[in-house]
Structure formats: structure tokens, C-alpha cells
Amino acid sequence: MVRDQQLKERWSLLVEKLSAQFSDGDPLELDAIIYLVGVQELGQIHRKFKKDEKINLMHIAICRLLEPYGYYEFDFYDDEGWPHYKVKEMLPVLKSGEQSVLMKEAIVQYFVEKEYIQ
């Protein structure tokens with residue numbers, strides 16, 4: 001219970017901070033935050049991305065976010081600087097709510113490591 005409450009508090013703080021920085025007032029949703037992680041990981045912050053690149057950015061983010069859980073492992077950077085990951089372990093089948101909690105937990109941990117939140 002304490003862990004769930006801490007996750008809720010950290011998630012709220014993170015959404016508030018990121019929304020203030022990147023949104024026009026509306027709170028950012030989970031997908032938008034995953035996208036921001038992808039842009040951060042790619043490191044090409046000041047450019048426009050095509051639709052397929054946006055999907056790839058979200059894939060990069062998910063791989064990076066789930067890497068500490070043992071599901072993915074960084075493999076290499078390609079010639080254009082895009083990181084590539086390999087699957088170490090298949091993700092378990094999770095219900096939608098469980099997926100959301102796992103991703104929120106991974107995102108909060110990512111931003112704690114980056115010292116964006118405590």
C-alpha cells in the first residue's frame with residue numbers, strides 16, 4: 001500500500017512538472033510521456049519527427065524503460081544515432097491496468113534516475 005501511494009504521488013508530481021514544461025496546460029497522458037522519454041533517449045531534441053519516427057521513438061522509450069526489469073538489453077546505435085535493443089525476456093501477458101502501472105513505475109524510476117524528480 002505504501003509503495004502504491006508513493007507511486008501515485010511521484011506520478012502526479014511528474015505529470016505536473018512535465019505538463020508545465022511541455023504542454024499547453026493540459027496534463028500529459030502516459031503515451032505523451034513515453035514519447036518524451038524516446039526523444040530524450042535519442043538525443044535529437046530540436047527536430048520534427050515523421051509519424052513512423054514517432055512510433056519508433058515510443059518503441060525506444062519502452063525498451064529503455066523496461067531494460068532495468070530485464071525485458072530488453074541495449075544492443076547498439078545505428079548510423080543515424082538511433083538506439084537498438086534486443087529482447088532478453090518476453091513481457092508477461094498483463095491486463096491493461098497492470099500494463100499502465102508497470103509503465104508508470106518504470107517512468108517514475110527513469111525520471112528519479114535522471115534526477116528530474118525525487
(Q) Check this for me: K8, atom NZ, are more than 12 non-hydrogen atoms of other residues, nucleotides or ligands nearer than 6.0 Å? (A) no

Q | Neighbour count >12 (heavy atoms, 6.0 Å) for atom CD, E113 | A | yes

For [X] and [Y], which heavy atoms make the closest approach, and how far apart are they?
{"X": "L91", "Y": "Y72", "result": "CD1-OH, 4.1 Å"}
{"X": "I117", "Y": "R10", "result": "CD1-O, 4.0 Å"}
{"X": "L65", "Y": "A106", "result": "O-CB, 3.5 Å"}

Qualifying side chain to side chain donor-acceptor pair (under 3.5 Å) pairs with a residue from [range], counting only residues at least two apart or across chains:
{"range": "residues 35-47", "value": "E41-Y110, Q44-R47, R47-E53"}
{"range": "residues 18-27", "value": "Q21-Y116"}
{"range": "residues 93-109", "value": "R3-E105, Y69-E105"}

E16 meets the side-chain hydrogen bond (donor to acceptor under 3.5 Å, both in side chains) criterion, sequence neighbours left out, with none

Minimum side-chain heavy-atom gap [X]-[Y] below 4.5 Å:
{"X": "M103", "Y": "L66", "result": "yes"}
{"X": "V37", "Y": "I62", "result": "no"}
{"X": "L57", "Y": "I34", "result": "no"}

Residues that [X] engages under side chain to side chain contact (heavy atoms under 4.5 Å, CB included), provided they are two or more places apart:
{"X": "F22", "answer": "L18, L28, L36"}
{"X": "H84", "answer": "F76, D78, W82"}
{"X": "E67", "answer": "R64, F74, Y85"}
{"X": "E73", "answer": "K86, K88"}

Query raised in the report: Do L102 and M90 share a hydrophobic cluster, counting only Ile, Leu, Val, Met, Phe, Trp and Tyr and linking them when any side-chain heavy atoms are less than 4.5 Å apart?
Result: yes

Rounding to 0.5 Å, atoms CG (N56) and NZ (K50) come to a distance of 10.5 Å

Residues 86-108 vs ring pair (Phe, Tyr, Trp, His ring centres under 6.0 Å), sequence neighbours excluded, gives none

